[in-house]
There are 2 protein chains.
Amino acid sequence: MKGNAVAGQSQPLDSIDRVILSTLQKEGRITNVDLASRAGLTAPPCLRRVRALEDGGVIESYHARLSASALGYGIMVFALVSLKSQAEADLKAFETHMATLPEVRECHMLNGEIDFIVKIVAHDLQAFQSFLTSQLTPAPNVAGVKTSLVIRTSKDEPGIPVDPA
Amino acid sequence: MKGNAVAGQSQPLDSIDRVILSTLQKEGRITNVDLASRAGLTAPPCLRRVRALEDGGVIESYHARLSASALGYGIMVFALVSLKSQAEADLKAFETHMATLPEVRECHMLNGEIDFIVKIVAHDLQAFQSFLTSQLTPAPNVAGVKTSLVIRTSKDEPGIPVDPA
DNA sequence: GGTGAAAGTTTTTCTCT
DNA sequence: AGAGAAAAACTTTCACC
């Protein structure tokens, strides 16, 4: 094999790529012709750039953002979880368990005293309490859990900044 | 005016709607014809359902997910921020400041001792330190900031669970 | 790399059930 | 509400620059 067909970082991003990326990050279902005109291109080269960004792994995926409240998820909680052991196998075991729980939307390992931060959603406070005592506290290797209920969210931007070039 | 053209919750979601929602949450750029066949419909009624879900506010938006590392953002940090005053005007002032900072991706107000959890991204540790001392610590009304660096992320699901009906 | 035109799909509307 | 057919728009490929 010669060229990097899959997920090489390929070219440094030029300013047209950045327009494409920031546009698709905000409007994931924009048509290629509209995207092209915002990027100052015609459709074919725009499509080629999008495919290259997808194949190069810069664009990972596309998603619809759904209304939590419309789906009956009124509760969001951050849990700070410390584990008894920091051995890699034990960290993995905890992460594997988190992966199976639909209420757990994010699981990040942290440095310092607390080991994980976990973003959890639930239908209501009662459902969350039940989840906490039946799924999170008894998870493999858990030493302690501190939870904080989200009262309101003032900012929740998808993705990351796309700097102007 | 009569009907609720904008963001009424309209109908309870049936199982076809749920297939549409969970599919679009995972594959935001699927074509309507493919979506229709997964939902067991033909294209026209499928499109009508999607539009109704969009107009009803169940589908809020569509986004591309970009690779943080491909864009040079190697660092994610959660900051736990406590404020000097919990007066609504002071909470708002803090949130308004967070809204202006591109490094801040999420800002959630919490119950209990700590007032906000803020998800931050940065190019590297040095850029983060600089952000912390120049933007976050001196933000309006800040009493204290505790930061935790994310070592690795094992789960980061877009959106929320779509229960099977 | 970009352009313009052509071919192939998809989206979208309409009519009917 | 959903289906089939038709029109309009978009995507995708190709030849050329």
Side-chain angles (χ1 to χ4, degrees), chain A residues 2-66 70-71 162 164-165, chain B residues 2-66 70-71 162 164-165:
Chain A
K2 196 189 103 250
N4 51 347
V6 187
Q9 66 276 33
S10 50
Q11 297 291 111
L13 305 167
D14 67 15
S15 75
I16 296 178
D17 289 325
R18 289 171 195 274
V19 172
I20 289 172
L21 290 171
S22 68
T23 303
L24 283 173
Q25 185 163 354
K26 291 194 194 101
E27 297 171 49
R29 259 186 106 91
I30 190 174
T31 65
N32 183 58
V33 293
D34 285 354
L35 182 60
S37 82
R38 294 214 205 165
L41 297 176
T42 51
C46 186
L47 186 63
R48 264 185 280 157
R49 281 171 177 265
V50 171
R51 293 289 177 256
L53 291 165
E54 290 168 353
D55 295 345
V58 181
I59 298 172
E60 294 178 341
S61 50
Y62 298 91
H63 304 280
R65 177 175 283 221
L66 307 183
L71 285 159
V162 179
Chain B
K2 194 187 106 256
N4 51 347
V6 189
Q9 65 276 35
S10 50
Q11 296 290 113
L13 304 167
D14 67 15
S15 74
I16 295 178
D17 289 325
R18 288 172 197 272
V19 171
I20 289 172
L21 291 171
S22 67
T23 302
L24 283 174
Q25 184 163 333
K26 291 194 193 101
E27 298 170 48
R29 261 188 103 94
I30 190 174
T31 64
N32 183 60
V33 292
D34 285 354
L35 182 61
S37 82
R38 293 214 203 165
L41 296 174
T42 52
C46 185
L47 186 63
R48 260 184 283 154
R49 280 171 180 264
V50 170
R51 294 288 178 254
L53 291 165
E54 289 168 353
D55 295 345
V58 181
I59 298 172
E60 294 178 341
S61 49
Y62 298 91
H63 304 280
R65 177 175 283 219
L66 307 183
L71 285 160
V162 179

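Just so we're clear, the structure is a prediction, and the values are computed from it rather than from any experiment. Scope of the values below: all heavy atoms of this structure, side chains included, with no hydrogens, waters or symmetry mates. Naming: A, B, ... by sequence-line order, numbering from 1 per chain.
- For the atom pair CG (N32(B)) and CZ (R49(B)), the distance works out to 12.0 Å, reported to the nearest 0.5 Å.
- L66(B) CG to L71(B) CG: the interatomic distance, rounded to the nearest 0.5 Å, is 6.0 Å.
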Distances under 3.5 Å only, N/O to N/O: pair up the protein atoms with those of nucleotides 8-11 of chain D.
{"from": "dT11(D)", "atom 1": "OP1", "to": "N32(A)", "atom 2": "N", "distance (Å)": "2.8"}
{"from": "dT11(D)", "atom 1": "OP2", "to": "N32(A)", "atom 2": "N", "distance (Å)": "2.8"}
{"from": "dT11(D)", "atom 1": "OP2", "to": "V33(A)", "atom 2": "N", "distance (Å)": "2.9"}

Please walk me through it: do D34(A) and T23(A) pass side-chain contact (heavy atoms from CB on, under 4.5 Å)?
CA-CA 10 Å; D34(A) 285 354; T23(A) 303; over 6 Å; no

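- Here the straight-line distance linking atom CD1 of I59(B) with atom CZ of R29(A) works out to 8.5 Å at 0.5 Å rounding.
- The interatomic distance linking L13(B) (CG) with dA1(D) (C1') rounds to 16 Å, in whole Å.
- Annotation: the span from Q25(A) atom CD to R65(B) atom CZ amounts to 10.0 Å, rounded to 0.5 Å.
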Identify the pairs formed between an N or O of the protein and an N or O of nucleotides 1-3 of chain C at a distance under 3.5 Å, and give each distance.
{"from": "dG2(C)", "atom 1": "OP1", "to": "R49(A)", "atom 2": "NH2", "distance (Å)": "3.0"}
{"from": "dG2(C)", "atom 1": "N7", "to": "R48(A)", "atom 2": "NH2", "distance (Å)": "3.1"}
{"from": "dT3(C)", "atom 1": "OP2", "to": "T42(A)", "atom 2": "N", "distance (Å)": "3.4"}
{"from": "dT3(C)", "atom 1": "OP2", "to": "T42(A)", "atom 2": "OG1", "distance (Å)": "2.9"}

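- Taking 4.5 Å as the limit, every side-chain heavy atom of Y62(A) sits out of range of all side-chain heavy atoms of K26(B).
- The side chain to side chain donor-acceptor pair (under 3.5 Å) contacts involving residues 37-47 of chain B comprise E27(B)-R38(B), where partners must be two or more places apart or lie in separate chains.
- Side-chain contact between D14(B) and D17(B): present, with at least one pair of heavy atoms (C-beta onward) separated by less than 4.5 Å.
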